Amino acid sequence: MSRAGTSPQLLRRTNMGAVLQVLRDAGVVTVTDLMAATGLVRTTVIAVCDDLLDRGWIQEVEGSSGAQVGRPARRFRFDDRAGFVVGVDVGEARTTAVVADLRGRVLGRATRVFADPAPARRLVTVEAAVDGALADAAVVPAAVLAATVGIAAPVDRRGRISHGQPFWEAFDLGFERRLQERHGWPTLLANDANLAALAERWCGAASGVDDLVVMLAGERIGTGVMEGGRLLHGRSGAAGELGGLALVQGVGSPDGIAALCRAWGAEALRPGAPATALQDLAGPAGTVEARDVFRAAAAGDDVARRILGRLAERLARVIGLLGTLFDPELVVIAGAVAESSTALLEGIDQQLPRFTATPPRVAVSVLGDAVVSVGAVRLALDHVERHALDLELGAAAR
């Protein structure tokens with residue numbers, strides 16, 4: 001099937017988009033390759049490539065791919081350093097910014113800790129992280145084509161934070177305005193769990209899966225839901241918000257793995273409780289973190305194993321609810337504690353049929369605590385790809 005457009009008004013633009021998409025997805029290609037992929041005739045492909053060369057999106061590769069008679073075939077490749085994107089993950093305690101090229105390869109990263117919870121001060125910290133990532137990547141701000149910021153709040157289809165979130169609404173207005181004033185970048189806001197879903201489907205455990213739920217399960221459980229490859233937002237961006245878990249029998253709250261490990265670990269350390277290796281792993285304040293529980297369970301500690309058993313049942317109940325509501329093919333457990341969560345999979349799989357007639361597959365993310373920033377990069381790239389022919393390419397660092 002031809003990838004070219006047929007509308008006279010849009011023909012030139014559509015043909016450029018079709019050729020650019022092939023070049024972006026491929027390595028070095030010839031005019032003949034582009035003709036086969038797009039259905040365009042040779043003269044059109046050459047004209048489009050010359051236009052894309054002038055705009056700075058592609059490069060012409062000198063030399064031929066092998067011995068041949070006559071004039072060498074023209075060969076082109078997408079210039080993945082024609083511009084850059086920025087992805088930002090704004091967490092509760094810290095923020096991480098990354099800079100990536102137009103193929104999504106991360107070139108620079110910086111993390112900053114929030115010393116002041118006030119929105120205005122947090123904005124300054126986020127800006128410092130962005131500046132640090134740009135410096136780490138040796139990329140000048142003028143070369144950035146788009147930025148995405150992920151936050152732990154509902155964000156609607158237009159990139160606006162839902163009403164009733166005064167803290168994040170203040171952040172929304174301030175951050176967007178400040179980035180526009182400083183750099184002029186198109187800046188997208190998105191829910192962190194939705195970005196995690198984009199990341200997992202792009203390059204994670206859910207690669208190629210269209211019906212998907214990604215569950216950020218660290219401090220609080222939140223989900224990004226994809227149906228038919230499309231993110232679900234809902235009217236105000238609250239699709240996937242799980243505050244209603246307080247009403248689910250055997251769950252009772254949206255607390256995630258890290259929060260539950262601390263709470264249940266504290267119970268295990270009460271005077272008179274059975275002896276446990278967690279006593280030796282507790283911090284100075286007598287607190288137990290998720291990593292301590294998983295480590296003790298792996299070493300055979302019975303108390304820690306019981307905690308993991310409780311976690312597996314609780315997550316099975318949550319995933320069972322998701323299976324009933326959305327019928328996904330796959331649920332991915334993601335976030336900073338995801339790597340350790342592999343130990344929960346067997347228990348979840350065993351109990352899941354108790355809670356849903358349509359149990360999905362369950363997997364653990366391999367993207368770790370970078371999952372939101374990776375998704376932010378993906379959303380920024382999506383914006384660049386949709387608007388490629390309207391963007392002015394910056395002075396990319398080379």
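None of the values given here were measured: they were computed from a predicted structure. Numbering starts at 1 and runs along the sequence shown.
- Each salt bridge (charged side-chain N to carboxylate O under 4.0 Å, His left out) pair with one or both residues in residues 101-120, not counting sequence neighbours, appears once here: D80-R103, D80-R105, D101-R105.
- Judged as a side-chain contact (heavy atoms from CB on, under 4.5 Å), and not counting sequence neighbours, the contacts of Q350 are E346.
- Taking all atoms of both residues into account, the shortest heavy-atom contact from N194 to V225 is OD1-N, 4.2 Å.
- In this structure the side chain of V90 reaches within 4.5 angstrom of the side chain of F114, judged on heavy atoms.
- A salt bridge does not link E200 to R378: none of the charged side-chain nitrogens sits closer than 4.0 Å to a carboxylate oxygen.
- Judged as a salt bridge (charged side-chain N to carboxylate O under 4.0 Å, His left out), the pairs with a partner in residues 210-231 (not counting sequence neighbours) are, in order, R201-D210, E219-R262.
- Under a 4.0 Å N-O distance rule, the pair R306/D302 does not qualify as a salt bridge.
- Around CZ of R354, the count of heavy atoms belonging to other residues, nucleotides or ligands within 6.0 Å exceeds 12.
- By the 4.0 Å N-to-carboxylate-O rule, R13 lies close enough to D390 to be salt-bridged with it.
- Residue pairs meeting the side chain to side chain donor-acceptor pair (under 3.5 Å) criterion with at least one partner in residues 325-342, sequence neighbours excluded, are E329-R361.
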Distance-only criterion, 3.5 Å: show the donor-acceptor pairs between side-chain atoms of residues 252-260 and protein atoms not counting sequence neighbours.
from	atom 1	to	atom 2	distance (Å)
S253	OG	D255	N	3.2
S253	OG	D255	OD2	3.2
S253	OG	R314	NH2	2.8

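- By the neighbour-count criterion of 12 heavy atoms within 6.0 Å, atom CD of E60 is densely surrounded, having more than that number from other residues, nucleotides or ligands.
- Between D136 and V99, the closest side-chain pair of non-hydrogen atoms is not below 4.5 Å.
- With sequence neighbours excluded, the residues satisfying ring pair (Phe, Tyr, Trp, His ring centres under 6.0 Å) with H383 are H387.
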